[in-house]
Amino acid sequence: MEQIVMSTLNDIVSDVIKREGGSTATNDPSDRGGRTQYGISERVHPEAWTDNKVTEKEAREIFLAKYVVWPGYHRIPASHQKVQAQLIDFGVLSGPNIATQKLQLVLGAKPDGIFGPKTLATLVTRDQREVCNLLAVRRALMIGRLVKKNPSDLVYLNGWLDRALSFVY
């Protein structure tokens, strides 16, 4: 990976960590993820919690491996860096497959959840602003449906919507 690309990805991961609350560990009984630190929940990543805490280094490694490289978001060119940042953030909250499916719907492609060469090729032909805005709207609508289905999540609604809509520009 080029140095500038890695630097950009590290910046995106730093932003995700900030949005996730940074080093502050939480254990909200309403949060189905359980204990969380640096955005790493015990339910999803129990291996990171074996010593009862998560380090920033562990969190960065998990974010880069699972939410950047594994789905293929590291291949998104600099011309679509804002889409890349939103996909990574969306993937952290909802899983990369769902983030990719919503992107594919925005692009008018079959939503299979795989960020493959066809999805990438279609993405780079589209206007970044339009894609970011449409993807943020898809996220907001999905959040509304989730909260309707699970009313106990209403406590998170404003934060989730703020986060999704922060990518509109």
Side-chain angles (χ1 to χ4, degrees), residues 1-2 4-6 8-17 19-20 31-34 36 38-48 59-151 153 156-157 159-169:
M1 227 180 284
E2 296 175 35
I4 189 146
V5 172
M6 197 60 212
T8 300
L9 290 174
N10 281 323
D11 291 343
I12 291 170
V13 168
S14 292
D15 290 343
V16 168
I17 287 172
R19 284 189 290 275
E20 287 287 323
D31 184 347
R32 289 182 290 280
T36 303
Y38 292 106
I40 304 300
S41 73
E42 185 174 22
R43 183 179 68 80
V44 177
H45 299 286
E47 74 286 355
R60 286 180 176 284
E61 289 171 358
I62 290 168
F63 285 135
L64 285 169
K66 186 170 182 180
Y67 303 102
V68 177
V69 175
W70 179 82
Y73 299 155
H74 64 290
R75 296 178 297 146
I76 298 172
S79 63
H80 285 68
Q81 180 183 346
K82 291 184 184 216
V83 174
Q84 181 184 52
Q86 183 171 188
L87 282 170
I88 293 167
D89 186 77
F90 195 176
V92 166
L93 290 181
S94 302
N97 289 358
I98 289 173
T100 299
Q101 287 173 356
K102 298 303 180 189
L103 172 68
Q104 290 166 329
L105 288 169
V106 164
L107 298 175
K110 179 184 174 192
D112 63 7
I114 299 167
F115 189 80
K118 288 181 183 178
T119 301
L120 179 60
T122 303
L123 171 61
V124 298
T125 67
R126 297 286 297 274
D127 177 70
Q128 175 174 234
R129 178 178 294 222
E130 177 187 25
V131 173
C132 261
N133 292 347
L134 291 172
L135 187 57
V137 168
R138 289 264 178 194
R139 284 179 78 175
L141 291 170
M142 184 187 89
I143 289 165
R145 286 190 297 276
L146 287 171
V147 171
K148 183 177 180 184
K149 183 178 175 182
N150 299 303
D153 286 339
Y156 305 116
L157 180 62
W160 288 344
L161 287 175
D162 283 347
R163 189 164 174 167
L165 297 175
S166 72
F167 289 95
V168 171
Y169 77 104

With rounding to the nearest 0.5 angstrom, report the CD1 to CD1 distance, I76 to I88. 7.0 Å

Flag, side chain of R60 to backbone of V13, donor-acceptor distance under 3.5 Å: no

Should F167 and D89 be marked as a side-chain contact (heavy atoms from CB on, under 4.5 Å) after you check the CA-CA gap, both sets of side-chain angles, and the distance that decides it? CA-CA 10 Å; F167 289 95; D89 186 77; 3.5 Å; yes

Answer yes or no for K102 and F90: cation-pi contact, defined as NZ/CZ to six-membered ring centre under 6.0 Å and angle to ring axis within 45°. no

I62 versus E47, closest heavy-atom pair with distance: CD1-OE2, 4.1 Å

Side chains of F63 and I12: closer than 4.5 Å at any heavy-atom pair? no

From T100 atom OG1 to L87 atom CG, the distance as rounded to the nearest 0.5 Å: 6.0 Å

Does D153 offer a backbone N or O that forms a donor-acceptor pair with the side chain of N150 under 3.5 Å? no

Whether Q104 side chain and G113 backbone form a donor-acceptor pair below 3.5 Å: yes

Without swapping roles, check the side chain of H80 against the backbone of R126 for a donor-acceptor pair under 3.5 Å. yes

With a 3.5 Å distance limit and no angle check, can you tell me whether N133 reaches the backbone of Y169 through a side-chain donor-acceptor pair? yes

Where do T119 and L107 come nearest, in terms of heavy atoms and distance? O-CD1, 3.9 Å

Please find the pair of heavy atoms, one from E20 and one from Y38, that lie closest to each other, and give the distance. CB-C, 4.1 Å

Least distance between heavy atoms, A136 atom then V168 atom: CB-CG2, 3.6 Å

Rounded to the nearest 0.5 Å, how far does CG of L141 lie from CG of L146? 11.0 Å

Closest non-hydrogen atom pair between V83 and Q128, with its separation: N-OE1, 3.4 Å

Interatomic spacing from CD1 in I114 to CG in N97 - rounded to 0.5 Å: 7.5 Å

CD of Q84 to CZ of R75, rounded to nearest 0.5 Å, is 11.0 Å

Working to the nearest 0.5 angstrom, can you tell me the gap between L134 CG and L103 CG? 10.5 Å

Quick one: closest heavy-atom pair of K66 and P96, and the distance? O-CG, 3.6 Å

Under 3.5 Å: donor-acceptor pair, side chain of S94, backbone of V92: no

Tell me which one of W70, Y67, Y73 satisfies ring pair (Phe, Tyr, Trp, His ring centres under 6.0 Å) with F115. Y73

